[in-house]
Amino acid sequence: MRDRRAAKGELAGMLDDFQRRMRAVGAVAQQRAQITATATTTDETITVTVNADGQVIDTRFSGDFRAMTPEQLGAAVTAVAQAAAADAARQLQNLLAPIADERARQPKLSDLVAGMPDLQAATPPIPPARMTLADNETDGSEPVAGARSEVAAVPDEAPPQWHFDAAEEAADGAESEVSDRGWG
């Protein structure tokens with residue numbers, strides 16, 4: 001009878017611990033949803049904000065960005081977007097670190113059940129995504145057959161428009177703010 005009571009107590013403790021961990025994971029998920037990171041060029045002409053997934057959620061142009069060549073503009077937007085994404089990734093890693101540390105302290109299935117494989121050791125590492133087109137162009141790899149990317153228009157909606165907060169051509173050379181927020 002004592003062993004049964006002890007087992008029930010141990011199981012109740014494990015369930016309480018599991019529920020505590022799930023609440024912690026839920027809280028972290030809420031915090032993750034709020035992560036953003038912003039990067040700006042040194043001359044402050046381009047600012048990009050990304051979310052926790054590194055997806056661009058806002059892009060702003062100001063100052064004399066029109067003086068840049070298309071290549072310079074593209075390179076600058078790419079650089080600040082990558083810097084913002086790296087910052088968001090760092091924030092996310094810091095947020096998830098306590099959960100990862102706690103998970104690392106937990107016993108593996110192979111530690112609990114004799115003969116079970118160590119699933120974590122059997123999982124192949126995921127290589128980092130490439131950060132430039134040059135990597136793809138120089139490594140000899142071919143595009144995945146049939147892969148393509150499309151953006152479908154939503155029926156009955158106007159396409160996205162650039163919004164200029166100041167006159168596009170100001171006679172006095174005032175800066176214009178350009179944002180991709182909003183529609184029409």
Side-chain angles (χ1 to χ4, degrees), residues 25 27-101 103 120 123-184:
V25 167
V28 166
Q30 292 296 320
Q31 293 171 3
R32 179 194 181 282
Q34 300 304 312
I35 289 176
T36 61
T38 300
T40 303
T41 56
T42 55
D43 63 1
E44 299 182 354
T45 58
I46 302 166
T47 300
V48 174
T49 302
V50 300
N51 63 18
D53 295 324
Q55 294 181 340
V56 175
I57 59 173
D58 188 46
T59 303
R60 294 188 180 261
F61 299 93
S62 64
D64 199 17
F65 74 92
R66 288 178 192 87
M68 301 172 96
T69 67
E71 293 79 15
Q72 291 170 326
L73 184 61
V77 169
T78 299
V80 293
Q82 288 177 345
D87 183 34
R90 181 194 50 74
Q91 289 180 53
L92 185 58
Q93 183 177 16
N94 290 341
L95 178 64
L96 297 177
I99 291 175
D101 291 345
R103 183 177 178 206
Q120 188 174 5
T123 304
I126 298 172
R130 58 190 174 89
M131 296 297 290
T132 64
L133 286 177
D135 291 345
N136 188 39
E137 294 169 352
T138 60
D139 70 5
S141 65
E142 295 294 323
V144 176
R148 59 189 259 187
S149 177
E150 289 184 19
V151 176
V154 178
D156 300 324
E157 284 193 25
Q161 307 267 325
W162 288 104
H163 296 278
F164 293 86
D165 295 334
E168 185 172 350
E169 300 292 327
D172 61 357
E175 292 186 359
S176 65
E177 294 285 326
V178 182
S179 172
D180 64 347
R181 289 184 182 213
W183 297 86

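- For Asp53, the side chain to side chain donor-acceptor pair (under 3.5 Å) criterion is met by Arg32, not counting sequence neighbours.
- Scanning both residues, Ala84 and Val48, for their nearest heavy atoms gives CB-O, 3.8 Å.
- For the atom pair CG of Asp87 and CG of Leu92, the computed distance is 11.0 Å after rounding to the nearest 0.5 Å.
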Review point. Hey, mind stepping through Gln82 and Thr78 against side-chain contact (heavy atoms from CB on, under 4.5 Å) and telling me if it holds?
Key: CA-CA 6 Å; Gln82 288 177 345; Thr78 299; 3.7 Å; yes

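- Between Ile46 and Leu73 there is a side-chain heavy-atom pair separated by less than 4.5 Å.
- A donor-acceptor pair under 3.5 Å is absent between the side-chain atoms of Thr41 and the main chain of Val80, judged by distance alone.
- In this structure, Arg90 CZ and Ile35 CD1 are separated by 9.5 Å, a value rounded to the nearest 0.5 Å.
- Heavy atoms from other residues, nucleotides or ligands lying under 6.0 Å from CD of Glu44 number 12 at most.
- Distance alone, capped at 3.5 Å, is enough to place a donor-acceptor pair between the Gln91 side chain and the Thr36 backbone.
- Taking each heavy atom of Ala37 and Ala88 in turn, the nearest pair found is CB-N, 3.5 Å.
- Here the straight-line distance linking atom CD of Gln72 with atom OG1 of Thr45 works out to 10.0 Å at 0.5 Å rounding.
- Under the side chain to side chain donor-acceptor pair (under 3.5 Å) criterion, Asn51 pairs with no residue, sequence neighbours left out.
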